[in-house]
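Per chain, numbering begins at 1; letters A, B, ... match sequence-line order.
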Amino acid sequence: MKIKKFFYTISALIAVFILAISCEKKVDDLELATYPTNPEIFIDGFSTGLYYAAFGTSKVTAFSVDKEVKYSGTSSMRFDVPDDGDPLGSYAGGVFGTNPGRDLTGYNVLTFWAKASQPTVIGQVGFGNDMGESKYQVSISNLAVNVSWKKFYILIPDPSLLKKERGLLYYSATPQNGRGFTFWLDDVKFEKLGTIAHEVYKIVSGKDSVFSGPVGEYSISDVSASYNLPSGIDQTVNVSKSYFTFISSDTSKAVINNNGSITVKNSGGVITAKVGHINALGSLTMNVTGPNIAAPIPTVAAANVISVYSNSYTNIKVDSYDPYWAPWMTTNYSTFKINGNDVIRYTNFNDINNSKKVYVAITFESIPINISTMTHFHMDVWVPSTSPNLNNKFTIKLIDFGAGGTYGGGDDVTGTYNNPASLATNQWVGIEIPMSGFTGLTTKAHLAQMILDNFPTDIYVDNIYFHN
Amino acid sequence: MKTNSIKIVSVAMYSLLLVAFLGCKKDNEQKLEQRNWQLVWSDEFNGTSGTSPDTSNWKFDIGVGPNFDGWGNSELEYYTNRTTNASIDSNGNLAITARKESFGGSSFTSSRLITKASFSQTYGRFEARIKAPWGPGIWPAFWLLGSDVDSVKWPQCGEIDIMELRGQNPNMINGTVHGPGYSGGNSITKIFALDNDRFDVNFHVFAVEWGKDYIDFFVDKTLYHRITPDNITGKWVFDHPFFIIMNVAVGGNYVGFPSNLTPFPQTMLVDYVRVYKEVN
C-alpha cells in the first residue's frame, strides 16, 4: 500500500510538472492515474469496494446472499420480488456500485448467470446506474429467465468511455400477475469476449427520417444497440445517448449536443451518429416548415387590449386551446418557442380525409370576457407553403353566451367572419378584423368561445387579442 | 491460369491430441513437414461488383434438390443463380447470401456453386479464405464431392467437408469425410473451435491437404484433423477426382432450423478458392 501511495504521489507530481510546462491542460483535468480494473462484481460474495443500495420505493430487503442456491462456488445473489400489496415495497430494485468507480475500458460485456423460481421476466437488468447522472447506462428490458441457469450478456457499447464507472449492476423487478417470485444471479462480472460480435447502433430506429416542423429544441429519439450473442442470435439493449457521438452536417442549420438535444435553426441539417468508430444506422434530416422568426411584437398599448394569447400582454384565463369536441376535432395542438416567444401550432387542421368538418376552438367559458368596448380582433398566422389545403379561406366565429353567461339558455349568439381570400404563405400575416365584420354578434359582454375554421392544414398562431 | 509455384509449409502430426480440440494457442507450435505446392486452379473473385461469379468456373445447383427433399438434408432454402443470392462484392469477394423470402415454394433463398463441369482433381491442397455467416439454422459449407457421384452415388463417391459451420455456434467449424459405411451421422469428423473468437468476424483460411492415404484439415496454419485409411470405418474412397462446392444452407438435419431470432440476410464471403498440386 505504501509503495502504491508513493507511486501515485510521484505520478501526480510528474503530472503536475508536465502540466506546468504545457499550457494545453487545466489542473482540473488532473486525476489519479488509474481506477481499479477488477472485473468481478459478485462471484461468491461482494467484490472489493462493492456496496448495495436499494431503490427508494422498492422492498429494501429484497436482496440477500444465498448460500444454498448457486451456479458455481459457494453462493449467489438472491432477489425476492414481493407480491402486489407488500407493505414493505411493491417491487425489488437497486444498484450495486463502487466509489470510486472502476476502469472498465478493458472489457466489452457484462455477463452473469441467472435463474428464477418460475419462468418469468425481470423488468430490467443492466449497468451504468450510479443513482446520480447515470451517464452510461445499458440495460435489457424484460429479461426472460427460466428455472435453469442461463448465461446473459450485456454489451458495453464503447468501453473506452468507462474509465471510472460507479454503477456496476442494477436491476428492477415487479410482481408478475400480482405474485412475487425469486431470482438468482451468479458469477456477475465484466469480460472481454471475442464471441460477442456484430454490434449495430441505431438512432431514430435506424431509419433515414425527415423531421418537418418549426425551429426550436428537439431530442433525438429511438436509440438502441444490438449485438450477436455466442449462440448466433441478436440481443437488443437500451443504451444511454451518452454513448453516441452525434454529428450535424451543418451547424448553421442544426446543432446537436452530447445529450442528443437538437437546436433547429434552418432547413437542411442532417443528424447522424457514431458509437466509437462504428457508424450508427439512421439519420434525421431537419426541415423547417414553420416560422423561423417570431411574430411581430404588437404595438397597441396594453390598456387598450384584451389578450387571449400573447407574450406582450397579460392574457385572460383560457380553458383550452384544443377542447377536442368529438367527433369533429382531430386537430393537434402544440406550443413551442421562437427565441423565447411562445407560438401555437395546429396540425391536422381540416383534414381533407375526414368527411366531418374539422375546426378548432379556443374556449374561455369559465370566465367569459366582455369585449363591448373593443373595436378590432387581431391574430397573427403563419402558413407554411408545405401545408395541405393552402387555398382554404378561413372563417372565425366568436360565440357570446349572452346575459346568462353560460352555454345554452336561448341567448347565445355567434358572430361569423368569412375571409374573402386565402392566406399568404411562409410569412407572418397579421389578421385585423373590425368587430363589425363578425356578422350576427349582437351581444359582446360574455364572449366564451372562438372557433377557427377552414384554415390550411398546418398553421402557426400568435398574438390573439381584441383591442380598441 | 496462374502457375506460380509457392511453398506452403505444412504439418505433420507429432502430437495432434495436444492441439486439436479447442483452439490452438500460438505457443503450441506444430512441427511442420514441408510440402511444395503449385497453384493449378483458382478463383480470386475480382470481377465486377454486383455480377455473378465467373460461369466458366462455377455452375449453380438450382432449386430444392433432385428429389425435392432439401438436397437430402431437409434444407429449407431454394437455391437460385440470382445475383441477390450470389455475386461479387465491392471488395473482391464472392458473396453467397441466404435470404428470408418466399421463392419457388420455399421460405428462404440462397446459392450453391459447383465446379463439377469445369474442374476436379485428385489429391492436392484445396483452400478458401472465408468469412462465415451466422445465426441459428445457418449452414455455410466449403466442400468436395467425388466426381463419380452420378455413377456410383453418394456416399460411395466420397465427400470431404473442408468447412461446415452451424450458425448457432459461430466459433466452431467441422472438418469431415463421408464414404461407404461412414456417412451422415456416422461420418468421420472433428471440431475446430476458436478460443474467444468467432468465424464470422474475420476471414480464415480453411484447407485440406490431401494425398494418397491421408487428408489433413487446416484452419489458417493449424492442422487439427488428419484422416488416414486407418481412421475410417469403411472403404477409402479418396483416390479419384473431386470437385468443389460452396453453399449456404438454411435449416436441415445437420444444423437444425432457423428461428425467428435468426438474423437475415446472412452472407458468406469468399475471398478466394485456390487448388494446388504437390510437386517435388
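- Taking a 6.0 Å sphere around NZ of K151(A), one finds it holds more than 12 heavy atoms contributed by other residues, nucleotides or ligands.
- Around the CG atom of N258(A), the shell of radius 6.0 Å holds no more than 12 heavy atoms that belong to other residues, nucleotides or ligands.
- Distance check: D234(A) CG to W134(B) CH2 gives 8.0 Å after rounding to the nearest 0.5 Å.
- When every heavy atom of P230(A) is checked against every heavy atom of P170(B), the shortest pair comes out as O-CD, 3.1 Å.
- Within the 4.5 Å cutoff, the side chain of Q168(B) has no heavy atoms near those of the I233(A) side chain.
- A distance of 10.0 Å separates OG1 of T195(A) from CG of D200(B), quoted to the nearest 0.5 Å.
- The shortest distance between side-chain heavy atoms of L193(A) and N196(B) falls below 4.5 Å.
- Closest heavy-atom contact between P136(B) and G232(A): CD-O, 3.4 Å.
- No side-chain heavy atom of I196(A) sits under 4.5 Å from any side-chain heavy atom of R198(B).
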